[in-house]
Amino acid sequence: VTVLIHHCILYKKAEVEETLKRIQGQKGVQGIIIVNAEGIPIKTTLDNSSTVQYAGLIHQLVMKARSTVRDIDPQNDLTFLRVRSKKNEIMIAPDKDYFLIVIQNPSD
Amino acid sequence: VDYVRSVDYLMYGLICVVLAPPAAVFRTLQWDTDPSALQLQADSELGRRMHRLGASKIVQIDFVPKELVTYTKETQTPSAAHQSEEEEEDEESSELKASPQTDQPEEEGEAEDSKEAHPRELTEEEREQILHSEDFLVFFERSVSVVERALAEEGDIFFDYSGRDLEDKEGDMQGGSNLSFNRVFHDDHWSKHRVVTCLDWSPQYPELMVASYNSNEDAPHEPDGIALVWNMKFKKTTPEYTFHCQSSVMSVGQIVLWDNRSHRRTPVQRTPLSAAAHTHPVYCVNVVGTQNANNLITVSTDGKMCSWSLDMLSQPQESMELVYNKSKPVAVTGMAFPAGDVNNYVVGSEEGMVYSASRHGSKAGIAEMFEGHQGPVTGISCHNAVGTVDFSHLFITSSFDWTVKLWSIKHNKPLYSFEDNADYVYDVSWSPVHPALFASVDGMGRLDLWNLNNDTEVPTASVTIEGACALNRVRWASGGREVAVGDSEGRVWIYDVGELAVPHPEDWSHFARTLVEIRANRGDGEEEGAVELPA
């Protein structure tokens, strides 16, 4: 019998689906969208037209937020963005190549 | 010139140097406010006239050094058909579009959308490719973790306390304020139907703990053994990391976390299945030594003890068979090292005997046998709360015989037997901060805290965990304020220990007196055949 030292499993595609389902099932989560750096949706739990709308608008917003942060301090960079509105909250985790967007209604 | 603001010798031999720009120097002009001292010397130009000047209002002026503001901004010259530069183009064009079309928001929206979503809408193939790429998976894992934390932390920042009914959200107050439920860690996918075999808290991040689980009989195609890292700090209910193993994980030590920290997704490192290593289940794992000079000690049920260097796992550095009195090897079920000791240790066995042993020296191997338990020893813990009195010779054991026993390395019979349980006692653990406090768990779901300065007959605090069947493992958090308890259903329960956990300076001398009393009672003829062992 061998001794366990270290073994990690990266998310595989099936786990990506599972994980998205899990987040979608959390309290108040209305939708999840993953877009690439150009704002093109890769994965979504919303309908097509909403996805396209969110993806486009949020992409612009992230670009603006990112350039704002960098203009203030060139060594800084955007790491997370939360847009709180009367009806819900949009959380965006931006990366160099992709964004993860989660829309949540916290009072649900 | 950058000043070295601090140097930190971190673990793993890394030295961290923090640089800081020199602090802005504010020059203050200090004036002697005594008017008689104010005599301005006139310039030579003005001749020798000495003007008698009266005192005037003194104004202090601070001259702030001129800060150099640097500013860089990247601009992108738009080029014809490069997709990657579309971002800049989009921004510019959408800004242009905004002005003439303010009364036609819908059209604008559509136009923008079409500009961005086309001409490149990803084909199904491209999507699949992205979803399988390593880059994406790394991004996904990291972002999901962050978003889940953000989702879980959501407290309504607009909440109006005045106008609403507040639900009484007092936590479960079982066991009084001494022992109260904090939370439970459970993963529907990974920890269901698995027994918690071992727990450990991270020495580096006190809010992290790792739990190992054995095989899930209901799911034979799932990995036999898993380890999950849980985070106490955030409210999210999913593990931080998940590790899989082909065989049942019986014991977990700090090794899992060390690899975690290196952020390398290295392939499985295994110790080889060979006669030089272990061929039987490894029940105990311990890392001994300092962060830089350390060994991994493993003991298996066939009585084999191996010492490994984490740099070279292909074969053990040393191995020995633990035999007592040249007879058959000891079937080890638990192992513990006293605080600060890397050579001497104690082991519990299936036969109910406890042995002391040493790794090196002329008497390497089993030294003494400690008799007392009438059933297999399930847990063993060495005293490790450091204070004014040295109690490092003490250790406690738990057993199937429904008892917990207190021992000193100097006597081969127990100092005391705690007999308040009505089922197998599965594990026992000294508090890392309080000299007279330990926790025990049994098969009826009971978690007991014993404060020997308070009472040696019954536990000072006790709680029966609802919803748990048998409790398999108990471990204190490094601060000594929480205990983690693993049960037979894959749940890890975290309990807060209240004031009981906080030691007072007198507790050490108090415990020394308690020990004297215990010894005195024992000497009244309870234990026979006790032998005073050489140090």
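We name chains A, B, ... by the order of the sequence lines, and we start the count at 1 in each one.
If you measure heavy-atom distances from I34(A) to chain B, the contacts under 4.5 Å come from the side chain alone. For a residue to count as touching a neighbouring chain, one of its non-hydrogen atoms must lie under 4.5 Å from one of that chain's; by this rule S133(B) touches chain A with the side chain only. Only the side chain of F80(A) has a heavy atom closer than 4.5 Å to any heavy atom of chain B.
Interface summary for chain B: among D73(A), D97(A), D95(A), T79(A), the most heavy-atom pairs under 4.5 angstrom belong to D95(A).
Taking a 6.0 Å sphere around CD of Q129(B), one finds it holds 12 or fewer heavy atoms contributed by other residues, nucleotides or ligands.
Distance check, rounded to the nearest 0.5 Å: NZ of K43(A) to CG of L131(B) gives 6.0 Å. For the atom pair CD of E148(B) and CZ of R22(A), the computed distance is 4.0 Å after rounding to the nearest 0.5 Å.
Nearest approach of I42(A) to R127(B), heavy atoms of both residues: O-CD, 3.4 Å. Nearest heavy-atom pair across F139(B) and F99(A) is CZ-C, 3.6 Å. Between L100(A) and V144(B), the shortest heavy-atom contact is CD2-N, 3.9 Å. Nearest heavy atoms, A150(B) versus M91(A): CB-SD, 3.6 Å.
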